[in-house]
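First the structure, in the form of structure tokens, and then the observations on it.
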Amino acid sequence: MRLLRSERFPAVVLLIAAALGLVLANSPAAPGVAAVKDAYVGIPGVFSLSVGHWIQDGLLAIFFFVAAIELWHELTAGQLSSPRRAVQPAIAAAGGVLVPIAIFLAFSLGTSSSAGWPIPTATDIAFALGVLAVFGRGLPTGVRAFLLALAILDDIVGIVFIAVLFTDGVDLFLLLAALVGVVLFALLSRRLTERNRVPLGIVLVLLGILVWVLVYLSGVHATIAGVALGLAMAPRPAARVRHALDPWVNGLVLPLFALSAASVAIPSVGLDELQPVFWGVLIALPVGKILGITVFGWLAQKLEEPDGRLRFADLVAAGALGGIGFTVSLLLSELAFAGDGLLRDEATLGVLGGSLVSLVVAAVLVAWRARHYRREERRV
């Protein structure tokens with residue numbers, strides 16, 4: 001379990017799972033993989049989903065639940081707990097969203113691919129911090145804190161995009177019922193003690209499942225249920241739940257999603273035949289993130305006292321880390337092109353390619369900056 005709580009090992013597992021999904025989808029096993037993803041599981045006539053949807057809508061809601069708990073902690077007691085702490089990574093995050101969108105639209109505006117503009121806006125916290133942990137020994141704590149705040153804010157943007165852009169035909173009655181469930185969940189979680197932990201814990205789990213079902217049936221993307229429950233839960237039990245779920249999220253939820261989302265067939269076409277969505281995502285993730293985060297982050301540093309500012313090279317390294325979109329970007333690809341398999345697959349390949357380029361560039365830059373700081377420390 002200790003390995004799955006670390007920042008390095010889960011990133012490696014995630015990368016292996018994505019690579020395995022891509023290999024399987026382009027091997028003789030591809031029909032079998034597709035059959036498994038399309039197989040329906042549940043109670044026929046009552047509630048059933050395909051395996052792919054159980055992973056995307058069900059398991060990923062657990063990931064967003066844990067991410068929301070971390071987000072609430074950062075907003076109340078962590079890196080984002082004061083306006084002064086939050087404003088600099090917020091400005092950098094804005095650049096890391098706006099510039100990739102602009103680059104993507106430069107490739108796809110006026111085509112059917114343009115609906116994918118939210119795809120290159122996300123940063124994968126698990127991957128980014130994993131690269132930082134592997135290659136960043138010796139970096140100042142300020143760099144990690146800046147990246148963590150940046151990634152969390154990027155995730156907020158991704159969550160808002162999912163909630164606003166990919167919701168159709170909302171059933172307000174079911175959504176209201178889900179909201180009542182979230183309020184009840186929040187109240188009951190504040191009554192959780194050692195004495196009633198087991199019975200009330202079971203009630204909270206069942207209530208959480210009910211909220212998820214209501215949100216799914218309402219027409220809102222079901223992962224929003226995880227976000228709402230994570231933000232609503234009382235801080236102390238939320239911290240314990242997050243500690244308990246972290247290994248499962250890192251070792252099962254995210255690898256399964258990566259395996260499923262990356263199971264796309266590589267189009268047998270020449271480079272000149274690939275759709276604008278592929279090129280837009282492939283370039284917007286590494287280039288857009290580095291440019292947006294670095295330039296906007298440099299401008300934001302003007303608000304800080306000189307001795308508290310990050311160096312320009314550190315901002316470039318943070319920008320490269322921000323280009324590792326992966327989990328949320330893959331989900332946005334699935335949602336943006338749910339009705340067009342070809343565009344969805346090319347967007348997915350763009351996410352995998354752009355994230356891989358960002359990962360390599362980030363590893364080189366982070367290792368270079370870490371080595372620089374270790375040399376400085378030895379001189380002192």
Side-chain angles (χ1 to χ4, degrees), residues 5 7 10 59-94 96-97 121-129 141 144-164 175 178-193 197 200-201 203-205 207-212 214-215 220-250 253-254 322 327-328 331:
R5 294 187 197 280
E7 293 174 347
L59 286 182
L60 211 57
I62 300 173
F63 162 72
F64 276 101
F65 173 72
V66 173
I69 291 174
E70 180 176 14
L71 169 60
W72 187 247
H73 171 75
E74 293 299 327
L75 287 170
T76 56
Q79 298 300 323
L80 306 178
S81 59
S82 71
R84 186 174 181 82
R85 287 183 178 182
V87 68
Q88 295 171 51
I91 293 172
V97 169
T121 61
T123 294
D124 190 295
I125 297 177
F127 255 119
L129 293 185
T141 56
R144 187 186 186 281
F146 180 85
L147 175 68
L148 180 60
L150 181 77
I152 289 171
L153 289 164
D154 264 4
D155 270 0
I156 294 173
V157 173
I159 289 166
V160 170
F161 283 159
I162 291 169
V164 174
L175 194 59
L179 181 59
V180 171
V182 171
V183 172
L184 186 58
F185 183 90
L187 294 174
L188 290 177
S189 71
R190 281 156 178 78
R191 294 185 174 275
L192 198 63
T193 64
R197 184 179 59 170
L200 190 52
V203 171
L204 287 171
V205 170
L207 185 57
I209 294 172
L210 176 62
V211 168
W212 178 86
L214 289 170
V215 171
V220 175
H221 197 271
T223 52
I224 300 302
V227 176
L229 293 169
L231 293 175
M233 196 171 192
R236 187 170 294 179
R240 291 199 296 267
V241 169
R242 180 191 164 200
H243 181 76
L245 288 179
D246 262 343
W248 296 99
V249 170
N250 292 336
V253 173
L254 290 180
T327 306
V328 181
L331 177 57

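All heavy atoms count here, side chains included; hydrogens, waters and symmetry mates do not. Residues: numbered from 1 along the sequence shown.
The shortest side-chain heavy-atom distance between Phe63 and Val66 does not fall under the 4.5 Å cut-off. With a 4.5 Å cut-off on side-chain heavy atoms, Phe64 and Leu331 count as touching.
The side chain to side chain contact (heavy atoms under 4.5 Å, CB included) test applied to Val157 returns Val97, Phe161, not counting sequence neighbours. Ile69 is linked by a side chain to side chain contact (heavy atoms under 4.5 Å, CB included) to Phe65, Ala238, Arg242, counting only residues two or more places apart in sequence or in another chain. Remark: Asp154 pairs with Thr123, Lys289 by the side-chain hydrogen bond (donor to acceptor under 3.5 Å, both in side chains) rule, at least two apart or across chains. Scanning for side chain to side chain contact (heavy atoms under 4.5 Å, CB included) contacts around Ile91 gives Val87, Phe296, Ala300, Leu303, with sequence neighbours left out. For Ala61, the side chain to side chain contact (heavy atoms under 4.5 Å, CB included) partners two or more places apart in sequence, or in a different chain, are Trp212.
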Name the atoms and distances for all side-chain donor-acceptor pairs under 3.5 Å in residues 182-190, with sequence neighbours left out.
residue : atom : partner : partner atom : Å
Ser189  : OG   : Phe185  : O            : 3.3
Ser189  : OG   : Ala186  : O            : 2.8
Ser189  : OG   : Ala234  : N            : 3.0
Arg190  : NH1  : Ala186  : O            : 2.9
Arg190  : NH1  : Ala232  : O            : 2.9

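One finds the CG atom of Asn250 at 10.5 Å from the CG atom of Leu245 (value rounded to the nearest 0.5 Å). Atoms CG and CG, on Leu200 and Leu207 in that order, are 10.0 Å from each other to the nearest 0.5 Å. Interatomic distance, Leu214 CG to Leu179 CG, rounded to the nearest 0.5 Å: 11.0 Å.
Closest non-hydrogen pair, Val241 versus Met233, comes out as CG2-CE, 3.6 Å. When all heavy atoms are compared, the tightest approach of Ala68 to Leu231 is O-CD2, 3.6 Å. A pairwise comparison of heavy atoms in Ala225 and Val215 identifies CB-CG2, 3.8 Å as the closest pair.
Heavy atoms from other residues, nucleotides or ligands lying under 6.0 Å from CZ of Arg240 number more than 12.
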